[in-house]
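Numbered from 1 within each chain, the chains take letters A, B, ... in sequence-line order.
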Protein chains: 2
Amino acid sequence: MKNECIDCDCVLRSSVQMKDCQLELLGGSHAVVKFKRGDTIIRQGVFSTNVIFLRKGMAKVHLSGPSREQIVKLVKAPTYLGLPTTFGDKINQYSVTAVTESEVCFIDIEVFKKLLAENNDFSAFILMELCKSELEAYRRCASRTQKQLRGNLADVLLEFSEHLFESDRFLLPLSQSDIGNWVDAGRESINRALSEFIADGIIRMEGKQVTILDKKLLQLISQNG
Amino acid sequence: MKNECIDCDCVLRSSVQMKDCQLELLGGSHAVVKFKRGDTIIRQGVFSTNVIFLRKGMAKVHLSGPSREQIVKLVKAPTYLGLPTTFGDKINQYSVTAVTESEVCFIDIEVFKKLLAENNDFSAFILMELCKSELEAYRRCASRTQKQLRGNLADVLLEFSEHLFESDRFLLPLSQSDIGNWVDAGRESINRALSEFIADGIIRMEGKQVTILDKKLLQLISQNG
DNA sequence: GGAAAGATGTGACATTTCTCACAAAATAGT
DNA sequence: ACTATTTTGTGAGAAATGTCACATCTTTCC
């Protein structure tokens, strides 16, 4: 098998120096798999022995809450998936589902641990990533719970436009009830708020195709809402 | 200065083997400080170069949200404080405030990084801690946003009783408005719900002294809503 | 190509919680 | 010991969302 890791983003992205032998190790022990939209990449409640690297695509991280499914965040390639759930616990504590066509590598956890132990740069990098995502989790949670519907919906739209697709025009990869599960609202409320945004000329929607017409206003709603 | 680290919980707790020279390093570079209830240990928005180890006491982790202060969690000694905020960003992204008399060590971040690099056990331990707290953050956030007031208040009381004080009788270290900022509710609502719990014979309160009378029922309320 | 499943649009109404207003109690500071 | 400040208790009405009930649309899959 050709060692795909050598030109894989997962290494480039880490901006970490890896010795050839370490790349060998990685290359010899992983499997690249494709997922379709809606496919489960990591399933909550299942025993896990792999860290996953998302090479291409976009995925939602979600877990089952007391009364419904809670979407925690959306992530796009390139990124690691399931670090906390694989290290923190043998059993997956959350699910990850592809929301667009995706491509991932499964990396055996023992190999991953070996790399962490051998390569201090790498382990410092991972540590930093974990710190950042914990901070992000705190911020997002505070923001979600304190803002009301319109503010949260504006955040979601801005998140898509600015971080995930980096464009004012994109195909919404979530259903309205998914968005509800993300921002803690009912499907109907999301629907009504979207209609308002359209009526106010803030966005345009043709099917799943969203165009942001007035980003300034959206940012204002995000702040004040 | 005597090297207090040798018999400090921070080392014991890590269950990590430290070489004598590493302990020296730690012992020679930290400062032990006492804090009173209400004192700020870490202040959001301020430049930081220290990791902090909470030796004794209890503290709240909180950050300023869009419309009010959000309490993220309560922690008790022994534990590290501010790892994410010190590693993830030079500027503190959250505050930590003592809620009981506390004692902490300030550990210079360069020393901490050196230890991480030198001691793989230690760095694996820290990595694991970070993973666990990220998982915990996700779970708590989902729980808080999906449950309603009584359920969340029950959770808070159980958290005090089962994890923080490990007793059915304890001195509530937060004001009612703090509790509100923790579970995303107004101060008045917390007050009313507490009164209900008292009226229902679930708890007793004499001033700040709380006694849990019916833990089973409290757990039921926590589950159902 | 047609049935079944899933996603979206929309109304009416019930609920929960917030907000404002004020009073009483407790705590801290001098 | 006596203010000043913070915390707690309580009512009444407002506001935001949730819930339920249907009527379309769309997509998926035999």
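Note on Lys208(A): a side-chain N or O is less than 4.0 Å away from OP1 or OP2 of dT8(C). Between dG9(C) and Asn191(A), a contact under 4.0 Å exists linking OP1 or OP2 to a side-chain N or O. A sub-4.0 Å separation between OP1 or OP2 of dT17(C) and a side-chain N or O of Ser189(B) is absent.
Whole-Å rounding puts the Met205(B) CE to dT8(D) P distance at 8 Å. Atom-to-atom, CZ of Arg68(B) to P of dT19(C) comes out at 9 Å; the value is rounded to the nearest Å. Atom pair Leu153(A):CG and dT17(D):P shows a separation of 11 Å (rounding to whole Å applied). Rounded to an integer number of Å, the gap from CD of Glu196(A) to P of dA16(D) is 10 Å. As rounded to whole Å, 12 Å separates atom C1' of dT8(C) from atom CG of Leu172(A).
No donor-acceptor pair closer than 3.5 Å links the side chain of Arg139(B) to the backbone N or O of Leu63(A). Of the possible donor and acceptor atoms, one in the side chain of Gln70(B) sits under 3.5 Å from a partner among the backbone N and O of Asn181(B). Checking side-chain atoms of Gln146(B) against main-chain N and O of Ser67(A) turns up a donor-acceptor pair under 3.5 Å.
In the helix from dG1(C)-dC30(D) to dT30(C)-dA1(D), the end axes, each obtained as the rotation axis mapping the C1' atoms of four pairs onto the next four within a five-pair block, lie 60° apart to the nearest 10 degrees.
Checking Thr86(A), Leu54(A), Ile107(A) one by one against Tyr80(A), the side chain to side chain contact (heavy atoms under 4.5 Å, CB included) holds for a single residue, Ile107(A).
Counting only heavy atoms from C-beta on, Glu188(A) has its side chain closest to dT19(D) among dT19(D), dT8(C), dT7(D). Checked against dT8(C), dT8(D), dT17(C), the side chain of Leu149(B) finds its nearest nucleotide in dT17(C). Checking dC18(C), dG18(D), dA7(C) against every side-chain atom of Ala185(B), the shortest atom distance belongs to dC18(C).
Position along DNA chain D of the nearest nucleotide to Leu174(B) versus Arg192(B) favours Leu174(B) as the more 5'-ward residue. For the pair Lys147(B) and Leu194(A), both in contact range of DNA chain C, the more 5′-proximal nearest nucleotide belongs to Leu194(A). Nearest-nucleotide assignment on DNA chain D puts the 5′-proximal partner with Gln148(A), out of Arg187(A) and Gln148(A).
Using a 4.5 Å heavy-atom threshold, the side chains of Lys56(B) and Ser102(B) count as separate.
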Only pairs under 3.5 Å count here: list side-chain donor-acceptor contacts from residues 201-212 of chain B, not counting sequence neighbours, and write none if there are none.
unit_1    : atom_1 : unit_2    : atom_2 : d
Lys208(B) : NZ     : Leu174(B) : O      : 3.3
Thr211(B) : OG1    : Arg169(B) : NH1    : 3.0

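Taking CG of Leu135(B) as the start and CZ of Phe87(A) as the end, the distance is 12.0 Å to the nearest 0.5 Å.
Using a 4.0 Å heavy-atom criterion, one finds that Asp184(B) contacts the sugar-phosphate atoms exclusively.
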